[in-house]
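Structure, as C-alpha cells:
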Amino acid sequence: MGYTILKKQELIPGQTTMMVIDAPQVAKKAKPGNFVMLRVSENGERIPLTIADCDKENGTITIVYLVVGKTTAEMNTLPQGGEILDVCGPLGKATHIERSGTVVCVGGGTGIAAMHHIAKGHVEAGNRVIAIVGARSKNLLLFCSELSSFCPELRIATDDGTEGHKGFVTEVLKDILDTEDEVAEVVAIGPVPMMEAVCKVTEPYGVKTTVSLNSIMVDGIGMCGACRCTVDGKTLFACVDGPEFDGHKVDFTELKTRLWQFKEQEQESMKLFSKECQCNG
Amino acid sequence: MADVKKIKKVRGRVPMPHQDAARRGTNFDEVALGYSRAQALLEADRCLQCKVPLCQKGCPVEIDIKGFIAALCDEDLHGAYDIIRKTNSLPAVCGRVCPQESQCEGMCILGKKHEPVAIGRLERYVADTFAAESACEDITDLDTCSLKREDLKVACIGAGPSSLTVAGYLAGRGIPVDVFEALHEPGGVLIYGIPEFRLPKAVVGRELAGLKELGVNFKCNWVGGKTITIQDMFDDGYNAIFIGVGAGLPRFLNVSGENLVGVFSANEYLTRVNLGRAYEFPNYDTPAYKARRVAVLGAGNVAMDAARTALRMGAEEVSIVYRRSEDEMPARREEIEHAIEEGIKIRCLCGPSAFHGDNQGRLKALTVQKMALGEPDDSGRCSPVCLEGETEQFRCDMAIIAVGTRPNPILLEATPDLELNKWGYVTADPETGETSIPNVFAGGDIVTGAATVISAMGAGRKAAREIANRLL
Ligand SMILES: Cc1cc2nc3c(=O)[nH]c(=O)nc-3n(C[C@H](O)[C@H](O)[C@H](O)COP(=O)(O)OP(=O)(O)OC[C@H]3O[C@@H](n4cnc5c(N)ncnc54)[C@H](O)[C@@H]3O)c2cc1C
Ligand SMILES: Cc1cc2nc3c(=O)[nH]c(=O)nc-3n(C[C@H](O)[C@H](O)[C@H](O)COP(=O)(O)OP(=O)(O)OC[C@H]3O[C@@H](n4cnc5c(N)ncnc54)[C@H](O)[C@@H]3O)c2cc1C
Ligand code: SF4
Ligand code: SF4
Ligand code: FES
C-alpha cells in the first residue's frame, strides 16, 4: 500500500534524481514551500524532501533529491513503477507569496528544484521574478528549461564558467541588487553555505531575504524538536514554524553544527548499504 | 465496616516476577514478566468482593473490577475478559501502564491497612492469557454489531488511546470509523513514546489488530489540518469528528546551550528509539545519539523511560536531574523503583542552569543550581527554591529534556474556529467531549494536557457514547 513512482528520471546520473509520485491527497493541498516526510521501506528512516512541483489534476507531486546517504541511495535503487512506503504531507508553512514587485529567486544545487516551485508561485501572483541558478559546472545545472518556460529572466552561474557567469550566484545577485531599482525580496534555497552567503550579500541592501532551512527532522509535525533552530535569538521548529525564515536572523553556524549530529552513524549506514549493493550485484 | 475488619488477616500481594535487574539494562525485553496462572489465582483470592467496591470509582473507565476478579476466581477467563472489555478496549495496555497506585489500587479498601489488590497485574493477566488462548475472532466477536450502518461515518484525528477508544466503541456499534494518523504507525504515545521494555509493541499491535478486525480503518500519513482539514471531513460526509491529537510538542528549558549537539527532547530521543527502532540500528536506519554520560532532566514517566532507554542504548552512567525531592517525583512509583534497581542515579534538588559545549558544538557538561524545598504549591508538592550561589557542574555528553509538553499545534492552527483555553488546549464539554464546533469532539491530552492513557480512554469513551447517541 505504498505510493507509486510514476516517473523516475536521473537528472545527474547517480547524483540527482527526479521522481513523480502518485499522492493525490498531498498534491491536492501542496503549495510552494511545502515538503513531505517519506520513508522508503519498513526499516527506513523518515526524511524530509521539498515538493518541487505538483499536479493537482493528476494527483502527483514531484521531488528532486541529491544522493547523500543511505536513504537517498536506497531510493535511487527503486525503479519507475516501484513504490515508496510512506509519503506524508504537505508539511511546513507554505511560502508567503503576495504581489510585491520584483523578486529574485536564487537556487543552488538540488535547491534549484525547490526554488523553481516558489518562483512559479511568485510569477502566478503577478510578481516579476529574476531567477539565478548556480552549480559547480554546466552538467550539474538543474531545471533551467522548466524555469525559463515561465521566467524570462534566468541568470546562470557556474564555478568553472562552463555556462553563464564564471563564479558564484552571490556575484550575480550583487550585480542585480546594484542595478535594479527596487527588489522586494530575495529567496535563497540551496546548500547552507550558499544561503548564508546570500544573506551576507543582501544585508547591506536591507532587502528582505527568505531562506529555507534543511535541518534534520524526525516527525516533521512539531513533536520532537530535532529540527529546532535559532532565529532572532528564539528557538523555532523548522518543520512547523518554517522551513522558511528571515535569513538575516538565522543562526547558520548552529544549523551547520546540528546537521552533523549523526555523521558517524550516517557513514556506517551508508557503508553497510554500499556493501550490500555490491554483494547483490 | 465488615470489610475493614476482614482486612486484619490478609496476605501480602503476590510479587510480580521480573527480568533480572542486572541483565535487563542491556536488552529491550519486557521488564515485568506477568503472573502465572497460579499467581493470578492467588492474588485474585485476596479481593474481599466488597459490597461497595471503591476500586471501581478509582478507575477512569469504571471497570467492574470486583466482577472480573470474581470471574477469574471461578477460572472463567472468558467471562473476566468480557467484563473488562465492556468498558476498556485496551486492557493489556492499561494493565501495564496505568498509574494504579493513584487510581483503582489507590482506592482499594485493602490498601487502607495493607497492600491493595494488584488489580493492574490481574487485568494484564486476563488480557494476555485471553489473547493467547483465544482465536482473534473471539476478541472481535465481542460487542460487534451485525448491523453495519453504511450510511454513517465518523473520523478520528490522531491514533492514540483516546481515538482508539472512540473507534472501538463506535465500530462495535456498527458505525464505520476512519482514523487519520500523521505518523506512519497508529498507536500514539503507545508506539512512539512508551518503550518496548515496558509496553511491547506486540501487545499494542494485538489491540490494534482487534480494532482492524472490528472494521476500523487506519489512514496513516494523513495530517489533520494539512492533508485534510475538519471542513474537508464534513464535506466528505463524515457525521462526526473526534480530535485526539495529543500534547506532544516538547517544552525546552530556555537555558543557554540548549541547542548544542547532544541535547535532545525526550520525545525526539524516544521517537528515534521506539518508532524508528534505533535500538536495532543499523538494521533499521534511524540512528540515536551515542553517549556515555547522560543527564535526564525531569522526573515523570517520560523522564524514567528516557533514562532507562539511554541505559539500554549503552550509556555508562545515567542520572535523573530533578528540581524537587524524590517524594515529589511524578512518575509511577514502580518506574522509579525499576530505574533505581537498574542503576540509574537520582540527583535531586538540582535545577539545570546551563549546558556547555566543546569547540565543535557538542555537549560536554551541565551546570545545575542547587535547590531546597519550600512551601507546598498549588499542586500540593513542595516547590523548589534556589540556594543562591550554590551550583555544581558535572560532565555529560548527552542531555535529555523531559520537562513536559504542550498541545500539538498543526490541527489547531488550521482550525481557527476551535475554541482553546488559556493554556492552548482544546475546550471540550466535560460530559460529552463536544468542542465549540458542533459535532466535533475532543479528548485525551489535547484537552487535559499530558495525562494518562486511561484518562485519554475515559474521555474517548464519553465522546463516543455521545456520538453514538446522536447518530443511532
Ligand atoms: C524541509 C526540508 C526539505 C528538504 N528538501 C530536500 C530536497 O528537495 N532535495 C534534497 O536532496 N534534499 C532535501 N532536504 C535534505 C534531505 O532531507 C537530506 O538530504 C536527507 O535527509 C538525507 O538522507 P540520507 O539518509 O540519504 O542521508 P544521511 O545519511 O542522513 O546524511 C548524509 C549527509 O547528509 C547530511 N544531511 C543529513 N540530513 C540532512 C538534511 N536534513 N539536510 C541537509 N543535509 C543533511 C548529513 O550531514 C550527511 O553529511 C531537505 C531537508 C529539509 C529539512
Ligand atoms: C514517554 C511517555 C511515557 C508515558 N507513560 C505513561 C504511563 O506509564 N502510564 C500512563 O497512563 N500514561 C503514560 N504516558 C501518557 C500517555 O501516554 C498519554 O497521556 C496518552 O497517550 C494520551 O493519549 P491521546 O489519545 O490523547 O494522544 P497520544 O497518545 O498523544 O496520540 C496522539 C496521536 O495523534 C497524532 N497526531 C498529532 N497531530 C496530528 C494531526 N494533526 N493529524 C493526525 N494525527 C496527529 C500523533 O502522531 C499521535 O499518534 C506517557 C507518555 C509518554 C510520552
Ligand atoms: S484500567 Fe487502569 S485504573 Fe482501570 S482498573 Fe485497569 S489498571 Fe486500574
Ligand atoms: S479490589 Fe479491593 S476495593 Fe475492589 S472489591 Fe476487591 S478488595 Fe474491594
Ligand atoms: S521534526 Fe520533529 S519537531 Fe520538527
Side-chain angles (χ1 to χ4, degrees), chain A residues 1 3 23 25-26 28-29 34 36-47 69-71 74 85-93 218-230 235 237 239-241 251 253-262 264-266 268-269 271-273, chain B residues 181-185 192-193 219-229 232 245-252 254 258-272 275-278 280-290 357 360-362 401 405-406 408-411 413:
Chain A
M1 241 242 356
Y3 299 75
Q25 75 274 23
V26 182
K28 196 169 155 193
K29 297 277 175 171
N34 285 144
V36 289
M37 291 297 297
L38 56 80
R39 203 169 65 119
V40 178
S41 59
E42 208 46 69
N43 294 12
E45 183 174 13
R46 297 168 66 89
I47 66 158
K70 158 81 201 272
T71 306
E74 186 177 1
L85 188 59
D86 295 297
V87 176
C88 173
L91 300 170
K93 291 207 170 25
V218 176
D219 57 298
I221 54 168
M223 281 167 35
C224 74
C227 62
R228 66 194 191 277
C229 41
T230 303
T235 295
F237 290 4
C239 68
V240 287
D241 301 317
D251 182 342
T253 312
E254 178 185 279
L255 176 67
K256 281 185 275 188
T257 317
R258 291 184 58 83
L259 276 174
W260 286 105
Q261 279 178 87
F262 295 98
E264 236 174 81
Q265 284 126 308
E266 284 158 358
E268 184 185 344
S269 251
K271 222 187 263 162
L272 202 75
F273 181 71
Chain B
E181 167 59 47
L183 295 174
H184 57 258
E185 272 187 62
Y192 80 74
K219 294 174 81 115
C220 290
N221 300 320
W222 284 73
V223 185
K226 292 282 183 190
T227 323
I228 189 165
T229 63
D232 295 334
V245 294
L249 180 78
R251 280 179 196 280
F252 284 89
N254 247 328
E258 198 157 29
N259 293 346
L260 286 167
V261 168
V263 183
F264 296 90
S265 76
N267 263 15
E268 176 179 354
Y269 190 69
L270 290 171
T271 303
R272 285 179 175 279
L275 185 72
R277 317 286 197 268
E280 293 195 40
F281 181 88
N283 287 333
Y284 280 76
D285 296 341
T286 307
Y289 198 68
K290 282 201 191 122
Q360 294 180 53
R362 291 180 174 253
I401 300 174
T405 50
R406 291 180 290 144
N408 278 344
I410 290 183
L411 182 71
E413 274 179 21

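Numbers restart at 1 for each chain; the letters A, B, ... are given by sequence-line order, proteins then strands. Note that the coordinates shown come from a computational prediction; the quantities given were computed from them, not determined experimentally.
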Looking at chain B, which one of A:Asp219, A:Val87, A:Val240, A:Thr253 has the largest number of heavy-atom pairs inside 4.5 Å, strictly under? A:Val87
Looking only at A:Glu254, A:Lys29, A:Arg228, most heavy-atom pairs under 4.5 Å shared with chain B are made by A:Arg228
Between B:Glu413 and A:Lys93, is there a salt bridge with N-O shorter than 4.0 Å? yes
Tell me, for [X] versus chain A, whether the close heavy atoms (under 4.5 Å) come from the side chain, the backbone, both or neither.
| X | answer |
| --- | --- |
| B:Asp232 | side chain |
| B:Leu270 | neither |
| B:Val263 | both |

Could you report the tightest heavy-atom contact between [X] and [Y], atom names first, then the distance?
| X | Y | result |
| --- | --- | --- |
| A:Gly89 | B:Thr227 | O-OG1, 2.8 Å |
| B:Leu249 | A:Gly222 | CD1-O, 2.9 Å |
| B:Arg272 | A:Val218 | NH2-CG2, 3.5 Å |
| B:Asp285 | A:Gly44 | OD2-CA, 3.5 Å |

Whether the side chain of B:Lys226 engages the backbone of A:Val26 through a donor-acceptor N/O pair (distance < 3.5 Å, no angle test) should be reported. no
Which atoms of [X] come close to chain B, meaning under 4.5 Å heavy atom to heavy atom: side chain ones, backbone ones, both, or neither?
| X | value |
| --- | --- |
| A:Phe273 | neither |
| A:Val36 | neither |
| A:Arg258 | both |
| A:Gln265 | both |
| A:Glu268 | side chain |
| A:Ile221 | both |

Are the side chains of A:Trp260 and B:Gln360 in contact, using a 4.5 Å heavy-atom criterion?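 Contact flag for B:Gln360/A:Trp260 side chains = no.
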A:Met223 versus B:Ser265: any side-chain heavy-atom pair under 4.5 Å?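 Result no, sub-4.5 Å side-chain heavy-atom pair not found.
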Is the closest side-chain donor-acceptor distance between B:Asn259 and A:Thr230 under 3.5 Å? yes
Derivation and outcome, side chain to side chain contact (heavy atoms under 4.5 Å, CB included), residues B:Leu183 and A:Arg46: CA-CA 10 Å; B:Leu183 295 174; A:Arg46 297 168 66 89; 3.9 Å; yes
With B:Phe264, which residues qualify under ring-ring contact (aromatic ring centres under 6.0 Å, His included), at least two apart?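 Once residues adjacent in sequence are excluded, the partners of B:Phe264 under the ring-ring contact (aromatic ring centres under 6.0 Å, His included) criterion are B:Tyr289.
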ring-ring contact (aromatic ring centres under 6.0 Å, His included) partners for B:Tyr192, two or more places apart: none
Is there a side chain to side chain contact (heavy atoms under 4.5 Å, CB included) between B:His184 and A:Glu42? Walk through the geometry before answering. CA-CA 10 Å; B:His184 57 258; A:Glu42 208 46 69; over 6 Å; no
Gap separating the CG atom of A:Leu38 from the CG atom of B:Asn221, nearest 0.5 angstrom: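 A:Leu38 CG to B:Asn221 CG: 9.5 Å, rounded to 0.5 Å.
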